[in-house]
Colleague: 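Could you have a look at this structure, given as structure tokens, before my questions?
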Amino acid sequence: MLGALGGKHVIVAGAGLAGLSAARELERRGATVTLVEARARVGGRVWTLRDGFAAGQHAEAGADLIEGEQTHLRRLARDLGLKTVRILRDSFGFYGPDAKGRRRIHAMSGGLAMVGARIGGLVGDFKLAEQRWDSAIAARLARRSVAEWLDGIHAPLEMKAALRGFRGFFLADPEDLSLIALVEQFASDGTPGRGEILRIRDGNDRLPAEVVRRLRGRVLMRTVLRRIRQTERSVTASIEDDSGRVTEIDGDAIVVAIPASTARHVVFEPSLPEPQQSAIARLRYGPATRLLLQFERRFWKKRGRPLAFGTDLPIGALWDGNEQQARTPGILTFLAGGNASRETRQVLAAEGEAGIVRRLTWLGRPSTLLASKTIVWDDDPWVGGGYAYFDPGFDPLCRAWLARPAGRIVFAGEHTSVRWQGYMNGAIESGLRAAAEADALVASQ
Ligand SMILES: Cc1cc2nc3c(=O)[nH]c(=O)nc-3n(C[C@H](O)[C@H](O)[C@H](O)COP(=O)(O)OP(=O)(O)OC[C@H]3O[C@@H](n4cnc5c(N)ncnc54)[C@H](O)[C@@H]3O)c2cc1C
């Protein structure tokens with residue numbers, strides 16, 4: 001309820017979309033907010049690169065594509081007056097082996113329809129359990145890897161290649177991805193990359209920039225959350241600035257909107273319940289390298305062909321990275337997820353960009369390369385990967401703990417979302433949820 005948090009102070013750690021949405025919503029509900037962010041910029045995994053490209057073009061280093069169903073994100077963009085544009089109208093193709101083992105471009109839907117048909121029984125069982133991760137069905141699915149399942153059903157080469165290509169989506173190879181992640185994907189969404197795809201016209205970073213511009217509270221940049229002490233009535237956060245100075249701030253509650261990969265280094269006093277600690281400690285983040293290549297011409301643009309492709313190649317998935325900008329030049333964006341992240345960097349180290357370009361001849365004759373940027377999310381100290389994924393070692397009973405409040409500590413972030421885990425929409429939704437939870441915890445007393 002508007003204003004119910006009047007007179008309350010809530011600390012928010014992390015100025016990604018989750019923390020920013022939480023802060024915005026907390027202020028809307030009347031709270032005073034202090035936002036603490038480790039980096040020198042807001043946005044976290046939403047980061048638009050504008051320098052170094054010819055013709056004033058830009059492209060996304062992190063999150064790029066907005067599915068039409070990302071309703072929380074679309075609402076936020078509308079509220080902030082940001083324009084979204086439709087892109088990749090012909091969805092994704094796939095470059096890899098066909099049924100006869102010949103490598104060619106074919107419809108992504110072919111290999112995935114095959115997966116859909118073979119996984120249908122498991123999806124049916126999972127739906128009977130209302131997709132709950134505490135069901136016996138979930139426990140069984142969670143223990144197996146996608147690769148083990150593929151071997152068990154003697155999957156054809158084409159289907160195996162399609163699921164190898166899925167590492168550009170899950171950021172995990174079939175050997176590392178739990179079968180429950182794949183089953184859940186088919187149960188809730190079917191095949192990814194169908195439907196409407198959008199982008200914020202002037203760069204996805206306009207979203208975090210506009211949210212932070214409208215906040216009233218203090219925003220402490222280059223400041224790291226180190227420790228949270230809580231009593232029944234308050235929380236105290238120890239924060240460290242970039243000169244190494246540690247100070248304490250008190251609040252009525254705290255929203256921890258940082259990835260599990262960094263939350264595991266925060267000291268909680270008293271300790272979090274054991275399954276919550278274990279969930280935060282065990283959650284994996286998928287390796288992800290983003291490569292942005294600007295070419296003189298969009299040589300990948302061919303009549304009757306999509307502008308986006310999954311592949312099982314070391315270069316990962318690729319698509320037109322700035323379709324909404326002037327026709328020439330053009331930026332081709334690569335998302336090398338899972339083992340492709342390392343493989344892409346090996347190609348770059350051994351052969352330079354020319355090695356990547358050589359692997360693109362199936363797309364057309366490459367034009368002159370004008371600019372190149374590589375962003376390795378695996379090496380990013382404030383996330384250590386692209387986004388969370390569930391491996392066969394993750395206990396499905398632990399998942400709910402990622403989003404569960406602990407006293408006056410509320411958790412947010414992409415990894416805490418169920419339907420939209422791994423997406424910007426999940427981050428925003430989790431921030432709104434965390435603000436409502438803080439309200440429920442604090443305002444009612
Ligand atoms: C390469 C890549 C491609 C992606 N593609 C898409 C896509 O096409 N579509 C889509 O919807 N999503 C995509 N995503 C996912 C999307 O970016 C994330 O789901 C979302 O941005 C996560 O937001 P968040 O707020 O949960 O986390 P973050 O954005 O990571 O924000 C957390 C913030 O906390 C800060 N922080 C961390 N530790 C501390 C600490 N101890 N103290 C203080 N601050 C701290 C970090 O610096 C960061 O700013 C992609 C992500 C990547 C990396």
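Every value quoted in this text rests on a predicted model; they were computed, and no experiment measured them. Numbering of ligands and ligand atoms starts at 1, following listing order.
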Colleague: Counting only heavy atoms, tell me which of L65, T262, V266 gets closest to atom 9 (N) of ligand 1.
Modeller: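 Checking each option, the heavy atom nearest atom 9 (N) of ligand 1 is found in L65.
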
Colleague: Against ligand 1, does Q70 come closer than 4.0 Å with any heavy atom?
Modeller: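 Yes, Q70 has heavy atoms under 4.0 Å from ligand 1.
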
Colleague: Out of Y387, Y285, F169, W319, whose heavy atom is nearest to atom 50 (C) of ligand 1?
Modeller: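 Looking at heavy atoms only, Y387 sits closest to atom 50 (C) of ligand 1.
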
Colleague: Could a heavy atom of V383 be found less than 4.0 Å from some atom of ligand 1?
Modeller: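 V383 does not count as a contact of ligand 1 under the 4.0 Å cut-off.
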
Colleague: Is the shortest side-chain N to carboxylate O distance from D51 to K373 below 4.0 Å?
Modeller: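 No.
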
Colleague: Run the salt-bridge test on D378 and R345 with the 4.0 Å N-O cut-off and return the result as yes or no.
Modeller: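 Between R345 and D378 there is a salt bridge, with a charged N closer than 4.0 Å to a carboxylate O.
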
Colleague: Any salt bridge linking D173 with R164? Criterion: basic side-chain nitrogen under 4.0 Å from a carboxylate oxygen.
Modeller: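 Salt bridge: yes.
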
Colleague: Which ligand 1 atoms, with their elements, are less than 4.0 angstrom from a heavy-atom of A18?
Modeller: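 Result: 25 (O), 26 (O).
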
Colleague: Which protein non-hydrogen atom lies closest to atom 19 (O) of ligand 1, naming both residue and atom, and how far is it?
Modeller: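 Among all protein heavy atoms, the one nearest atom 19 (O) of ligand 1 is E414 CG, 3.0 Å.
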
Colleague: Quick one: nearest non-hydrogen protein atom to atom 15 (C) of ligand 1, plus distance?
Modeller: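 Its nearest protein heavy-atom neighbour is G422 O, 3.2 Å.
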
Colleague: What is the closest protein heavy atom to atom 12 (N) of ligand 1, and at what distance does it sit?
Modeller: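 The closest one turns out to be M424 N, 3.4 Å.
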
Colleague: Between ligand 1 and L20, can you find any atom pair, the residue atom being a heavy atom, that is separated by under 4.0 Å?
Modeller: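 No, L20 has no heavy atoms under 4.0 Å from ligand 1.
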
Colleague: Counting non-hydrogen protein atoms only, what is the nearest one to atom 32 (C) of ligand 1? Give residue, atom name and distance.
Modeller: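 Going atom by atom, the protein heavy atom closest to atom 32 (C) of ligand 1 ends up being A257 O, 3.5 Å.
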
Colleague: Taking NZ, NE, NH1 and NH2 as the nitrogens, is one of them in R50 or D205 under 4.0 Å from a carboxylate oxygen of the other?
Modeller: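 Counted as a salt bridge, because a side-chain N and a carboxylate O are separated by less than 4.0 Å.
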
Colleague: Tell me whether R433 is salt-bridged to E429, with the criterion being a basic N under 4.0 Å from an acidic carboxylate O.
Modeller: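 No salt bridge links R433 with E429.
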
Colleague: Applying side chain to side chain contact (heavy atoms under 4.5 Å, CB included), name anything that partners R298, two or more places apart in sequence or on another chain.
Modeller: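 With neighbours one apart ignored, the set is Q57, W300, K301, D320, N322.
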
Colleague: Of all the non-hydrogen atoms in the protein, which one sits nearest to atom 29 (O) of ligand 1, and at what distance?
Modeller: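 The closest heavy atom on the protein side is R45 N, 2.8 Å.
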
Colleague: Ignoring hydrogens, just give me the one of G385, A63, A15, A13 whose non-hydrogen atom is nearest atom 17 (O) of ligand 1.
Modeller: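 When every heavy atom of G385, A63, A15, A13 is considered, A63 comes closest to atom 17 (O) of ligand 1.
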
Colleague: Any ion pair linking E60 and R199 (charged N to carboxylate O, less than 4.0 Å)?
Modeller: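 Salt bridge flag = no for E60 with R199.
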
Colleague: Taking the non-hydrogen atoms of G426, is any one of them nearer than 4.0 angstrom to ligand 1?
Modeller: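 No.
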
Colleague: To check your reading of the model: name the closest protein heavy atom to atom 3 (C) of ligand 1, its residue, and the distance in Å.
Modeller: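 Protein heavy atom at minimum distance: G62 O, 3.4 Å.
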
Colleague: Hey, are E184 and R419 close enough for a salt bridge, meaning a charged N less than 4.0 Å from a carboxylate O?
Modeller: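 The answer is no: the pair does not qualify as a salt bridge.
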
Colleague: Do me a favour and list the nearest non-hydrogen protein atom to atom 31 (O) of ligand 1 with residue, atom name and distance?
Modeller: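 Answer, as residue, atom name and distance: G16 CA, 3.3 Å.
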
Colleague: Look at K8 together with D439 and state whether they make a salt bridge at an N to O cut-off of under 4.0 Å.
Modeller: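 Judged by the 4.0 Å cut-off on N to carboxylate O distance, K8 and D439 do not form a salt bridge.
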
Colleague: Within the 4.0 Å heavy-atom shell around G413, which atoms of ligand 1 are there?
Modeller: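 The list of qualifying atoms is 26 (O).
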
Colleague: Could you list the atoms of ligand 1 found under 4.0 angstrom from a heavy atom of G44?
Modeller: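 Per the distance check, 29 (O), 48 (C), 49 (O).
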
Colleague: How would you list, by chain and number, every residue that makes a side chain to side chain contact (heavy atoms under 4.5 Å, CB included) with M159, sequence neighbours excluded?
Modeller: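 M159: side chain to side chain contact (heavy atoms under 4.5 Å, CB included) contacts with M114, V115, R118, W149, L150, I153, A155, P156.
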
Colleague: Do the rings of W362 and Y95 sit parallel, tilted or perpendicular, given the 30° and 60° boundaries?
Modeller: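 Correct class here is parallel.
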
Colleague: Can you report which non-hydrogen protein atom sits closest to atom 48 (C) of ligand 1, along with the distance?
Modeller: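 Sorting protein heavy atoms by distance from atom 48 (C) of ligand 1 puts E37 OE1, 3.5 Å first.
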
